[in-house]
Every structure is written in structure tokens, then in C-alpha cells.
Amino acid sequence: MRIVVVGQGAREHAFARNLSAHHEVIVTPGNAGMRADVEVSSLEAEALRPDLVVIGPEAPLVDGLADRLLASGINVLGPGAAGAQLEGSKAFLKQLCAEAKVPTAAFGVATSLGEGLELFDRFGPPYVIKTDGLAAGKGVLVTSDRAEAEEDLAAKLAGLSFGEAGTRVVIEEGMQGRELSVFALCNGRDFVLLPSARDYKRLGDGDRGPNTGGMGSISPVEDVSAAVLDEVGSSMIAPTLERLTALGIEYRGILYAGVMLTDSGPKLVEYNVRFGDPEAEVVLPRITGGLAEALMAAALGEQIPSLRVSDQSAITVVLAAAGYPENPERGATITGIEAARSLEGVFVFGAGVASRGGQPPDRQPPDRQGSDGHGSDRQSPVRDGELVTNGGRVLAVTGLGATLAEARSRAYRGVDLIDFDGLQYRRDIGS
Ligand code: AMP
Ligand code: GLY
């Protein structure tokens, strides 16, 4: 099979690395940090004549890329724009949860200060304020400080903090408990659950500091039983697919439930319409067979064959740029990636990485693009020391081992070899 993965982060690198064991894989646009491992191209997915397209990030899904590919007869894993509203609009999500009776926090929608303050009074602390639209995982404030909550509300409504995405906000009742990421591969009617993972969302050790896109992850989550996962499947995923079907939406893709394990059972925090990042970097290395076949079956609306999952554990540590999440610095030289990659049980996935002096692959001028004769424009690997930071989350270092402790020590051994100016990472992933 010829599979095209759309996206440019560590998640797409992890997809491509797994799938390329048995299939031809091209990532578009990809990034310079994955070129040592997988083929990247600046061409559009369609031009690469794929048997299957896997769309990684939410933005192109919300924008209807899956609909456009399907309309031109291409098999695609990822929901159309209608299904992607589950992530693209928190208000749509909460409405659907109410209709499908998916357990989740009580909520209200506010477009004015008055409405917002009334909701603060109704739910009490901790105050949870979310932008309605997409904000790359950073549009949520959870605080018990009323003054801070009011300030955040005012800034979001005025379009100051997240532009248009923030001018309508969802305010929720605060929930408490440990969090869990559950991934369902859906074929429109049925689903299979992938291995579970936990994401570390706060910037600093001990879950302090601002929310980020995710600073690390582990899989499996040892404190969560199979019964809890089954409950997430039956109380959340199944009724959600049923409700979507009733709305005329056939959801073929990965549905990611962010779940809080509260005293009164698992409750949905949010849905994402794609794989988690950095969860993909721990879950996918543990899938040792059948991934391409399962993704294709889901894309075609057919029964999903079972996956082979290793009983090894995995841990990912994200290496972020100085200034992340508010204002990441770009252009710092990265060293040590090759040395880290050569360690046993260590993978280094590229995210916010570019080649020094070079433009990102999607902006290479045509005269610098070679051709391999099958419609791709394969980019040659970039050597260590020629890579620079080019985004907030720069690299994801994954350790795989017989136990969580072994995976952890392998991941951090890899991290120790990599350096760039202003490097920030958490030291407590999986501990
Ligand atoms: P979200 O982008 O909706 O996943 O929210 C980001 C993070 O904010 C979640 O992972 C939770 O840690 C926290 N959060 C979101 N909603 C709530 C809530 N209703 N109660 C408590 N924490 C929440
Ligand atoms: N790890 C959080 C996310 O992918 O949204």
C-alpha cells in the first residue's frame, strides 16, 4: 500500500515510522527532523497518488480536507468537516453530549461578560473557561482565583487572547480526578479501542505552570483497569457514534476522548477528532502489527481487524523551545539527535524542526526539489547539527522498555544527549 500521512509533527512521524515497516509511506509536508527516518514531500496528498490518506492534525479536518479527498475518490482516514465539529466547536460538542447522554461537566455558553459572570456564580470554583473554537490545546483556563477567571473571560471575549476562536466561550463546572486519553478507531458505526495513554498537559514538573499541547505521555496507564476502558467505550464512544449517525454524520477516523476519572465515574473532558500528540508517540510504537490494515478498514467503513499490541511500556518526553507555550523562540541549533536515536529502545520524533538556512519542506522552491519518478519529491535527510528549532514543541523522545521504569530511563538517556538553547522539558514524566 502507498500511504500518505498529512501533517508535520511528531504524531505524524510516529504514524509514518510504524506504517513504513510494511508499506510505502510519504508524509506531507512533514518536517526536517523526520527526514532521517521517513520520506517527506511538499506535494499535496492527492498528487502523491495514495491508496490511503491518514490526516494527522485537527485543522485540516475541521477545514474539510477529508471531504475533498473523498469527493475525488481517495480513501481517507479522518472525519469530514461535519464530524470534526466535535473538536472544532466546544458548543457543538457539549450539545451532542447532552443529546447522547455522555457523562460530562455541566456547562453554559457565553458571548458577553454578563452571561459569563452568571455562569461563574452558578458553577462556583474552580472556574473553567474554554474558547469555543480551536486554540491548539491552549484555550483553556482552570483556576480557583475569581479575579483571574474574570480577567481571562474578558480577554477571550474581546478577541484579545485567541482572536475569533475565543469570542464565544464555554464555561464549565470544575471536575476533579486523574486524566486518561482513550483512542477509538471508528468505521462509522463500530469502533475498536487502541491502547490507553496519559498525557502531561502542564508545562512544569508536578503539574505546575500553564496548559500546553502536552509535555509528555505514558502508555499503558497502569492504574486504569480494562473495566474502566470498557465503560468509556460504552458510555461515551458508542452513544456518540450513534448520535452522529442520527445527524447523518458517518465518522471514520480516530476519536480521542479526554476523560477525567472522577469519584462518580469517568466523565468526558473533551473530544478530539484525531490522535493525541504526544500520546501517538507512546501508543503507536506499542502497536507491532496490523495498523495499516485497521486504518484502511476503518476508512472504508468495513469491520476493523484486530491489532497486535506489545506488552512493552512507552514514555515520551517532549523537548520544547524557550518561551513555549506563549512565545516560542525559533532558530536555535539542535545537537545530539543522531546519538539519541542510536540508543536501544529510543525513538526521536521531529516536530518543530527545520533545516538551518533552508526553508521548511513545504516552501522549497521547485528547482530545489528532486524527483524520484513516482510523483513524489523526496527530500534528502538532514544531518545532525544542521537542524534548528522551528516551533514550540521541538522533538518528542520516546523510550520503549519491558517496564515503565526501563522505558523511562531509556527516554531520559536519550533526552540527556540532545541540546539546544533554551531547551525546556519535564523531568517527572512517568514517575
Ligand atoms: P481541554 O482542552 O478541554 O482538554 O482542556 C485542557 C485541560 O483543562 C484538561 O486536560 C483538563 O486538565 C482541564 N479541564 C478541562 N475541562 C475541565 C473541567 N470541566 N474541570 C476540570 N478541569 C478541566
Ligand atoms: N495531547 C493533547 C492533544 O493531543 O490534544
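Just the heavy atoms: all of them, side chains too, but no hydrogens, waters or symmetry mates, feed the values below. Counting convention: from 1, in listed order, for ligands and their atoms alike. In what follows, residues are counted from 1 in the order of the sequence shown.
- Applying the ring-ring contact (aromatic ring centres under 6.0 Å, His included) test to Y200 and every residue at least two apart in sequence or in another chain returns nothing.
- Note on ring orientation: taking the six-membered ring where Trp is involved, the planes of F349 and H13 are perpendicular (angle over 60°, cut-offs 30° and 60°).
- Listed by number with element, the atoms of ligand 1 under 4.0 angstrom from any heavy atom of G174 are 20 (N).
- Note on K90 versus E172: no salt bridge recorded, every NZ/NE/NH1/NH2 to OD/OE distance being 4.0 Å or above.
- Using a 4.0 angstrom heavy-atom cutoff, G258 does not count as in contact with ligand 2.
- Ligand 2 places these atoms under 4.0 Å from at least one heavy atom of G213: 1 (N), 2 (C).
- Using a 4.0 angstrom heavy-atom cutoff, G214 does not count as in contact with ligand 2.
- Per-residue contacts place V142 under 4.0 angstrom from the following atoms of ligand 1 (heavy atoms of the residue considered): 8 (O), 13 (C), 14 (N), 22 (N), 23 (C).
- Residue K201 has at least one heavy-atom neighbour below 4.0 Å for each of these atoms of ligand 1: 10 (O).
- The 12-atom threshold is not exceeded at CG of D421, counting heavy atoms of other residues, nucleotides or ligands nearer than 6.0 Å.
- Qualifying ring-ring contact (aromatic ring centres under 6.0 Å, His included) partners for F120, counting only residues two or more places apart in sequence or in other chains: Y127.
- Among T131, D152, L153, the one residue that satisfies the side-chain contact (heavy atoms from CB on, under 4.5 Å) test with V169 is L153.
- Near G276, with a cut-off below 4.0 Å to any heavy atom, the atoms of ligand 2 are 4 (O).
- Using a 4.0 Å cut-off to heavy atoms of E173, the atoms of ligand 1 that qualify are 18 (C), 19 (N), 20 (N).
- Here's the thing with R274: one of its N/O atoms is less than 3.5 angstrom from an N/O atom of ligand 2.
- A salt bridge between D37 and R17 is present, with a side-chain N of the basic residue lying under 4.0 Å from a carboxylate O of the acidic one.
- When only modelled atom types and interatomic distance are considered, E99 and Q95 share a side-chain donor-acceptor pair under 3.5 Å.
- Around atom 22 (N) of ligand 1, the closest heavy atom drawn from K267, M260, R202 belongs to M260.
- Residues R202 and D428 are not paired through a salt bridge, judged by the lack of any N-O separation under 4.0 Å between the basic side chain and the carboxylate.
- Those atoms of ligand 2 with a heavy atom of D199 less than 4.0 angstrom away are 1 (N), 2 (C).
- The parts of M175 lying near ligand 1 are both backbone and side chain, judged by heavy-atom distances below 4.0 Å.
- Considering both main-chain and side-chain atoms, K201 never comes within under 3.5 Å of ligand 2 through any nitrogen or oxygen pair.
- Atoms of ligand 2 lying under 4.0 Å from any heavy atom of N272, numbered from 1 in the order shown and given with element: 5 (O).
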